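Each remark here refers to the structure printed beneath this line.
Within every chain, numbering begins at 1; the chains are lettered A, B, ... in the order of the sequence lines, protein sequences first and strands thereafter. Everything numeric in this text was worked out from a predicted model, so none of it was measured.
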Amino acid sequence: MMIPLRYNLRSLWVRKATTLATALGIALVVFVLASALMLSQGVKETLGAAGREDVAIVLRKGSDAEMGSIVDNPQIGLIKSMPGVKREGNEPVGAGESVVVIALEKIGAIGVTNVQVRGVAQGSAPLRPNVKMLEGRMPAPGTDEVAVGRAIRGRIKGVDLNQSFDLKKNRPVKVVGVFEDGGSAHESEVWLDVDNLSSAFGREGAVSSVRVVLESPSAFDAFRASVESDKRLGLQAILETKYYEKQSEGTSIFISALGTMIAVFFSIGAMIGATITMYASIANRRREIGTLRALGFSRLSILFCFLFEAVLLALGGGLLGAALATLMGTVELSMINFASWSELVFRFRATPQILATSVVSAVAMGIMGGFLPAVRAARTSPLAAMRG
Amino acid sequence: MTVTDDSIIRLRGVTKEFVRGGERLRVLQSLDLDVKRATFQALMGPSGSGKSTLLNLMAGLDRPTSGSIEIDGKRIDQMSEGQLAAWRANSVGFVFQSYNLLPVLTAVENVELPLLLTPVAANERRRRAQTALRVVGLDDRMDHYPRQLSGGQEQRVSIARAIVTDPLLIVADEPTGDLDRTSADEILTLLETLNENMGKTIIMVTHDPAAAERAGVTLHLDKGRLKE
């Protein structure tokens, strides 16, 4: 039979100050770990939300991103006519789009940031059915008008409704609308007419990519085979979901790795803290432990009792850290996406798996930090009860 | 030394040595002892005479360097550590000088503690612990924490804990050492009652001649040997 749980709970309670200090140390580690994982998840979800299962992107062969890809205008029609592309009426659904990155001044911070600018065409609207205008309207073709995503409005100088900024030197554009797209990466973009963008940057006659809506996700293989079998085109096709998954990889792995590394360093400190707390607690309770041994409790039950106490302590800290990290879900922040080198605005995203991982890591810290003190407790002689 | 068939404790040639600072100290020297069932015996002697060591050996808290210790027909000196712990849980009730109650548990929870090592169900455990506290006259203090009790009351809780498993033997190490005269008398009366009315065998280490007088038999130890 084990020593009752209330013994551990009350023992922690009577040593409130040290219990709290140790739990806070563990809470900090869990907070850092959970926040890093939530940040990484936020990047994945923000970029993932931009992709659709039934949309294919065609890029120049060897290009990893739209930024480094060029598709000649005459190829747009050819691509749209390939098998598997959805038709509405007699028209294939798809569009050629261009992407550039421009440097704009941030509000409330020193320096500039990169903003992704997308040239959209008439056929772009069916590619993103979730896009809704929050205010204003989409830019008219052939004008120096732009629409901006919800996430970057107000963060960058001139990027808000009825304001203007320079697309390039001496080429001002006016913001006529603000749109949202279900929290996707598109909300961090500036959109304008593709022809205007091409002319502004001297890219007439070509786009960065061609997107088409497929008849169904299963039509992708046939579509890709058609695109890639014609060697003269020198193009490749990729599903939009896969494309954004790859786009998020570098940034999310970097954040996860960095956060985990910091958490690991912090956790060493937290584990030492837990070990010291438990050693001190056991030293003060030597007679109590001796009494339990004298009454007949085995070494094993003493070991589990004190290991369990360390786990309880860590669990308390872990739950607190996870709860605090969850509050970060309300925070929106921006950073450079390594794939496009442009500003990406996203939120911390908590998932049950992230919270479970964080709490389990706290329990692991409790076990590792509490093991040696628990062994010492288990080695206490029953004679310690007599010595006082 | 009286050797009788109704002995509950039988020690033969018990020697206990300790090594301190590289030096071997012989605390008990080839000791023979028989303790009759249902007797209340006091163990006296000057400091360092070995009385606490002897008590620890009889309670299964320590092992002899040589010799045999038989309690109710069982050779406890031959038991493994696990067996000895289980034996203590079933057979020995402890009363300590400083009471040794767990400060974070209430009186009834402290008394219930040894029953956790028995197959008794939770409801029955609580009922038995309450009965034991009634026996020691603390039925109105069951939910009090040790810090809310006087020294005498704490020692009563400690005695309730010692009897709750109905052990063969109660060992008491200076049970009145930290108490005032009145409280000490009450505790000694309680021990007498347990011996006379419940037939408990009690071995009590004490420095106090007045306490020793309350026991039926007083054993004197000096330099590790029993004196007649």
Side-chain angles (χ1 to χ4, degrees), chain A residues 1-20 277-278 280-306 308-310 312-313 316 374-388, chain B residues 18 51-53 55-57 59-63 80-106 109-122 125 145-147 158 161-162 164-165 167 171-174 177-178 205:
Chain A
M1 179 62 98
M2 301 306 288
I3 296 157
L5 171 64
R6 56 179 176 266
Y7 171 66
N8 302 109
L9 284 171
R10 291 181 200 164
S11 295
L12 288 172
W13 180 247
V14 295
R15 295 166 178 83
K16 286 190 261 310
T18 47
T19 297
L20 193 67
T277 302
M278 290 306 295
S281 175
I282 285 161
N284 288 332
R285 289 148 77 188
R286 210 172 133 67
R287 188 194 281 170
E288 273 176 56
I289 301 164
T291 304
L292 288 168
R293 293 277 291 123
L295 293 179
F297 286 94
S298 65
R299 283 185 193 279
L300 200 63
S301 57
I302 300 284
L303 179 93
F304 279 125
C305 170
F306 283 89
F308 188 59
E309 193 166 309
L312 273 179
L313 181 66
V375 168
R376 178 178 281 185
R379 294 177 66 167
T380 303
S381 161
L383 287 171
M386 294 294 196
R387 287 174 192 146
Chain B
F18 294 104
K51 54 188 187 303
S52 289
T53 303
L55 190 78
N56 292 342
L57 290 175
L61 294 175
D62 205 356
R63 292 165 189 282
S80 68
E81 196 178 329
Q83 287 170 328
L84 204 52
W87 175 81
R88 282 198 305 270
N90 287 316
S91 310
V92 187
F94 290 91
V95 180
F96 302 97
Q97 179 176 354
S98 304
Y99 332 125
N100 290 22
L101 301 177
L102 301 197
V104 296
L105 300 184
T106 62
E109 287 167 348
N110 263 291
V111 176
E112 220 179 317
L113 212 48
L115 290 171
L116 292 172
L117 296 160
T118 66
V120 177
R125 280 204 303 267
Y145 286 93
R147 64 177 182 278
S158 164
R161 183 178 63 187
V164 74
T165 53
V171 294
D173 184 25
E174 302 271 11
D178 283 1
V205 163

Leading residue by heavy atom contact count with chain B [cutoff under 4.5 Å; candidates A:Gly290, A:Gly296, A:Ser298]: A:Gly296
message: At a 4.5 Å cut-off on heavy atoms, which part of B:Tyr145 comes close to chain A: side chain, backbone, both, or neither?
response: side chain
query: Ring centres of A:Phe306 and A:Phe308 under 6.0 Å apart?
result: no
- prompt: So which bits of residues 82-92 of chain B come within less than 4.5 Å of chain A, counting non-hydrogen atoms only?
  reply: B:Ala85, B:Arg88, B:Ala89
Under 3.5 Å side-chain donor-acceptor pair for A:Arg285 and A:Ser281: yes
query: In terms of heavy-atom proximity below 4.5 Å to chain B, should A:Leu9 be classed as side chain, backbone, both, or neither?
result: neither
field: Heavy-atom pair with the smallest gap, counting every atom of B:Arg161 and B:Asn110
entry: CD-O, 3.4 Å
query: At a heavy-atom separation under 4.5 Å, does A:Arg293 approach chain B through its side chain, its backbone, both, or neither?
result: both
- request: Test side-chain contact (heavy atoms from CB on, under 4.5 Å) on A:Phe304 and A:Glu309 and set out the steps.
  value: CA-CA 8 Å; A:Phe304 279 125; A:Glu309 193 166 309; over 6 Å; no
message: Rounded at 0.5 Å granularity, tell me how far SG in A:Cys305 sits from CG in A:Asn8.
response: 4.0 Å
- line: Closest non-hydrogen contact found for B:Pro103 with B:Pro146 is O-CD, 3.7 Å
- request: Drop me the distance from A:Ser381's OG to A:Arg299's CZ, to the nearest 0.5 angstrom.
  value: 7.5 Å
task: Could you look at B:Glu81 and say if it's the side chain, the backbone, both or neither that has a heavy atom under 4.5 Å from chain A?
output: side chain
- request: Please test B:Thr53 against B:Phe18 for side-chain contact (heavy atoms from CB on, under 4.5 Å), starting from the C-alpha separation and ending with a verdict.
  value: CA-CA 10 Å; B:Thr53 303; B:Phe18 294 104; 4.1 Å; yes
- line: Bottom line for B:Asp173: the part with an atom under 4.5 Å from chain A's heavy atoms is side chain
- prompt: Would A:Arg10 and B:Glu109 count as a salt bridge (Lys or Arg N to Asp or Glu O under 4.0 Å) if you check the C-alpha gap in whole Å, the side-chain angles of each, and the deciding distance to 0.1 Å?
  reply: CA-CA 12 Å; A:Arg10 291 181 200 164; B:Glu109 287 167 348; 2.5 Å; yes
